[in-house]
Amino acid sequence: MMPITMHAFMAIWSNVRPDMAAEWYRWHTEEHMPERVGIPGFLAGRRYDLVDPSLAPAAPEPRRLQHCYMMYEGERLATFNSDAYLERLNNPTPWTREMAPGFQNFSRGACDLTTTSGDGYGGFALLMRFEDGGRQRDLSAATLEALDHFVTTLPGLAGVTAAHFGFCRPEITNVDTAEKQTRAGVEEQLFQSVLLVEGYDAALLAKHFAAIEANLNALGMPAKTARYGFYALSHLLTERTTEEPNRH
């Protein structure tokens, strides 16, 4: 087991406007992620895209997640409403303002990392997002204990390298900022909790999905209605010693 310094994470989903995609991905890689990971308390940033259907089947439309998943690892939950982070949110760069219309169907929330298990990063991920149910306060102590145990067993499955579960804390991100205003008209969809299962083979993650879903449902999680998707890692950036972003 590797030492875990991440105790919270920011989970973000979005589609990207097709006519802006090339520039949007360049901005997100060259400026936005380095800027975020330069903030004190941000440990790493990741970006994923839904895999090609030949690698793993797409979820049915009512349960399908957005194409792009972004995640920032934090030292603590308070990292995501710290003065340093809010300063960035209230002073978006010109390039950020330019790329804001590229976000579509946006979801964002800071999460307490309640369970984590495994070793290293996987090149592929299964994401499950619980929207109708799955709040920590609605689950019994026995369910929470069983959920914790189940998530810790997932790296024992073939092809699975790590698993993480977090409960969303919407009060952390429910703040009006200049950057949020640049996405005017793009409502931030809410969710209750997130399961991230990492692995080295998308097909193996897809093979395990039915059993994972059934076990979560048996534990009292609304897994049969959770949105889900299989993703490929597009970019990973770990903590930097400088806060100076790359220039547009």
Side-chain angles (χ1 to χ4, degrees), residues 9-39 42-61 63-73 80 85 88-109 121-127 129 173 177-189 191 194 196 198-203 205-206 227-240 242-248:
F9 61 94
M10 180 74 76
I12 305 168
W13 283 268
S14 181
N15 291 326
V16 181
R17 219 174 84 180
D19 63 314
M20 297 182 66
E23 184 72 357
W24 188 95
Y25 276 95
R26 189 168 76 87
W27 158 77
H28 198 268
T29 300
E30 296 180 9
E31 181 184 85
H32 197 64
M33 284 183 69
E35 180 189 68
R36 290 296 191 256
V37 178
I39 297 171
F42 278 66
L43 304 175
R46 318 185 198 181
R47 187 182 66 242
Y48 296 81
D49 291 300
L50 286 173
V51 300
D52 186 280
S54 65
L55 298 177
E61 186 59 43
R63 300 183 63 187
R64 193 168 300 169
L65 287 170
Q66 294 93 317
H67 180 82
C68 187
Y69 173 68
M70 296 145 279
M71 174 175 167
Y72 295 101
E73 302 176 18
F80 301 120
Y85 183 39
R88 292 292 174 84
L89 292 176
N90 281 311
N91 294 279
T93 69
W95 203 5
T96 295
R97 291 182 181 277
E98 184 183 338
M99 290 297 103
F103 288 97
Q104 296 182 325
N105 194 18
F106 192 73
S107 301
R108 171 176 172 265
Y121 294 98
F124 298 96
L126 161 64
L127 267 297
R129 188 173 80 202
T173 55
T177 64
E179 187 169 303
K180 184 179 289 188
Q181 292 170 12
T182 67
R183 298 190 300 270
V186 181
E187 184 179 353
E188 293 193 3
Q189 301 170 18
F191 53 92
V194 179
L196 167 63
E198 302 186 60
Y200 59 77
D201 187 313
L205 290 177
R227 293 183 181 269
Y228 70 93
F230 300 97
Y231 288 82
L233 183 64
S234 169
H235 187 48
L236 169 66
L237 187 66
T238 57
E239 185 178 15
R240 291 188 161 196
T242 177
E243 295 186 17
E244 187 69 17
N246 290 336
R247 296 300 184 187
H248 178 29

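Only a predicted model underlies this, so the values are computations on that prediction, with no experimental measurement involved.
A search for side-chain contact (heavy atoms from CB on, under 4.5 Å) contacts involving Pro18 returns Gln104, not counting sequence neighbours. Not counting sequence neighbours, the partners of Arg64 by the salt bridge (Lys or Arg N to Asp or Glu O under 4.0 Å) test are Glu61. Remark: Thr173 engages Met10, Arg108, Ala110 in a side-chain contact (heavy atoms from CB on, under 4.5 Å) (not counting sequence neighbours). Taking the side-chain contact (heavy atoms from CB on, under 4.5 Å) definition, one finds that Pro101 meets it with Arg17, Met20, sequence neighbours left out. A search for side-chain contact (heavy atoms from CB on, under 4.5 Å) contacts involving Asp201 returns Ala203, Leu204, not counting sequence neighbours.
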**Item:** CA sep, side-chain torsions, deciding dist, call: Phe9, Phe80, ring-ring contact (aromatic ring centres under 6.0 Å, His included)
**Value:** CA-CA 8 Å; Phe9 61 94; Phe80 301 120; 8.4 Å; no
**Request:** Give the intermediate values and the outcome of side chain to side chain donor-acceptor pair (under 3.5 Å) for residues Thr93 and Glu35.
**Result:** CA-CA 10 Å; Thr93 69; Glu35 180 189 68; 5.1 Å; no
**Request:** I would like to know whether Phe106 and Ile12 meet side chain to side chain contact (heavy atoms under 4.5 Å, CB included); could you show each step before the answer?
**Result:** CA-CA 7 Å; Phe106 192 73; Ile12 305 168; 3.6 Å; yes
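For the residue pair Ala11 and Tyr69, the shortest heavy atom distance occurs at CB-OH, 3.7 Å. Listed here is the closest heavy atom pair of His67 and Asn15: N-OD1, 2.7 Å. What you find for Ala178 and Arg97 is that their closest heavy atoms are CB-NH2, 4.5 Å. Listed here is the closest heavy atom pair of Thr238 and Val37: O-CG1, 3.3 Å. Counting all heavy atoms, side chain and backbone alike, Leu89 lies closest to Pro92 at O-CD, 3.7 Å. The shortest heavy-atom contact between Tyr228 and Pro60 is OH-CD, 3.3 Å.
Looking at Gln66 and Arg129, their side chains come closer than 4.5 Å, going by heavy atoms from C-beta outward. Using a 4.5 Å cut-off on side-chain heavy atoms (C-beta onward), Trp13 and Leu127 make contact. By the 4.5 Å heavy-atom criterion applied to side chains, Ser14 and Trp24 are not counted as neighbours. Looking at heavy atoms from C-beta onward, Arg46 lies in side-chain contact with Leu196 at the 4.5 angstrom threshold. A heavy-atom distance below 4.5 Å is found between the side chains of Trp95 and Glu30. Contact check for Tyr25 versus Val16: side-chain heavy atoms found under the 4.5 Å cut-off.
How far CD of Glu23 is from CD of Glu98: 6.0 Å, rounded to the nearest 0.5 Å.
In this structure, Tyr231 and Tyr48 have perpendicular ring planes: the angle between them is above 60°, well past the 30° mark.
Within the structure, salt bridge (Lys or Arg N to Asp or Glu O under 4.0 Å) pairs that include any residue of residues 47-58 do not occur (at least two apart or interchain).
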